[in-house]
Amino acid sequence: MRTALITGVGRLEGIGYALAQRLAGEGYRLALQALEPDAPRVEGATHISADFTDPDAPGRVVAEAADALGHLDALVVNHTRSIRQGLGELTAEEIDTSLAINVRASLLLVQAFHARHDGRPGGRIVLMTSGQHRGPMAGELPYIAGKGALHQLTRSLADATAPKRITVNAVDPGATDTGWADEATYQWILEQEPFGRWGEASDAARLMAFLCSEDAGWVTGQVIVSSGGGP
């Protein structure tokens, strides 16, 4: 039975929760991290509350997940901090906090997962990036700095983990309707979507589940856009 640790499973509308439901349905045993202890629950999963501004939290989360599940086959780094700050609004505190959560914690999670993995077939790491490489996002500079870093790290992490036969890929899910957009933004994006709809959390979850699977063993070092052709 395969196992997975998914971070950022904090909202019913979120991609992390959709992925957790999908993997649970495929028979995975799961450990799910969230910031708040009262995050949505998935039956049978181990739930871990952790704040990734704490530099010790990533290692603790991986250790708790591995202890609970016995072994980790997959790590999905789904958590993020998304704050709207553009030029003229930037603060050193927000830049540091965003990079600590989105980059530092992600790297430490990968490092801890890699250290514990015994090289058995099927090791998988999935990162989450955004559309910063496909168009400007001038109002979200701390956020896209972190997502851009994960994008650039994907190929190098794939090389570093290859000796243990662990794949590393990143997913850009495009505009996904998880409740974050105001009405004007929602309508603007809807007008840009070739399929006439926003992405749904389940759209991203299908791709991420594939990347976690044994069938994805020959895919690594890739940043995959799954956006329905939209922004």
Side-chain angles (χ1 to χ4, degrees), residues 5-17 19 31-40 47-65 75-115 125-154 156-157 168 170-186 188-189 201 204 223 231:
L5 165 61
I6 309 172
T7 66
V9 186
R11 297 188 304 120
L12 289 172
E13 304 89 350
I15 291 173
Y17 185 76
L19 177 61
L32 309 177
Q33 177 273 339
L35 176 61
E36 302 294 340
D38 59 350
H47 293 84
I48 304 169
S49 177
D51 182 347
F52 285 143
T53 60
D54 176 0
D56 294 328
R60 176 177 66 80
V61 168
V62 171
E64 288 189 22
L75 166 66
V76 181
V77 182
N78 172 72
H79 72 274
T80 193
R81 179 177 175 86
S82 178
I83 297 293
R84 296 191 63 84
Q85 281 193 355
L87 288 181
E89 304 169 309
L90 296 172
T91 64
E93 180 181 10
E94 182 52 48
I95 294 169
D96 289 346
T97 300
S98 289
L99 293 180
I101 293 171
N102 295 341
V103 182
R104 183 184 71 191
S106 299
L107 278 172
L108 292 175
L109 284 162
V110 170
Q111 178 171 264
F113 173 86
H114 176 261
I125 297 172
V126 180
L127 307 174
M128 295 293 286
T129 183
S130 194
Q132 76 289 329
H133 60 299
R134 297 187 287 116
M137 299 169 68
E140 302 173 84
L141 296 178
Y143 169 72
I144 67 166
K147 291 301 184 180
L150 295 182
H151 182 126
Q152 295 302 320
L153 282 164
T154 301
S156 294
L157 289 173
V168 181
V171 171
D172 166 14
T176 304
D177 186 10
T178 58
W180 60 269
D182 59 31
E183 183 61 25
T185 301
Y186 186 92
W188 181 85
I189 289 180
V223 178

Nearest-0.5 Å distance, [atom1] of residue [X] to [atom2] of residue [Y]:
X    : Y    : atom1 : atom2 : value
N102 : L127 : CG    : CG    : 11.5 Å
I101 : T53  : CD1   : OG1   : 6.0 Å
L108 : D56  : CG    : CG    : 9.0 Å

With [X], which residues qualify under side-chain contact (heavy atoms from CB on, under 4.5 Å), at least two apart?
X    : answer
A201 : I15, A18
A31  : L5, T46, I48, A65, L69
A175 : I189, E193, W198
L90  : Q85, L87, I95, L141, P142

Not counting sequence neighbours, which residues clear side-chain hydrogen bond (donor to acceptor under 3.5 Å, both in side chains) with [X]? List them please.
X    : answer
T129 : Q132
D182 : T185
S49  : none

Could you tell me whether a side-chain N or O of R11 sits under 3.5 Å from a main-chain N or O of T178, the two making a donor and an acceptor? yes

For [range], which residue pairs qualify under salt bridge (charged side-chain N to carboxylate O under 4.0 Å, His left out), counting only residues two or more places apart or in two chains?
range            : value
residues 138-148 : R84-E140
residues 126-138 : R134-D172
residues 92-101  : R81-E94

Sequence-distant partners of F52, ring-ring contact (aromatic ring centres under 6.0 Å, His included), two or more places apart: H79

With H151 via ring-ring contact (aromatic ring centres under 6.0 Å, His included) - residues at least two apart: H133

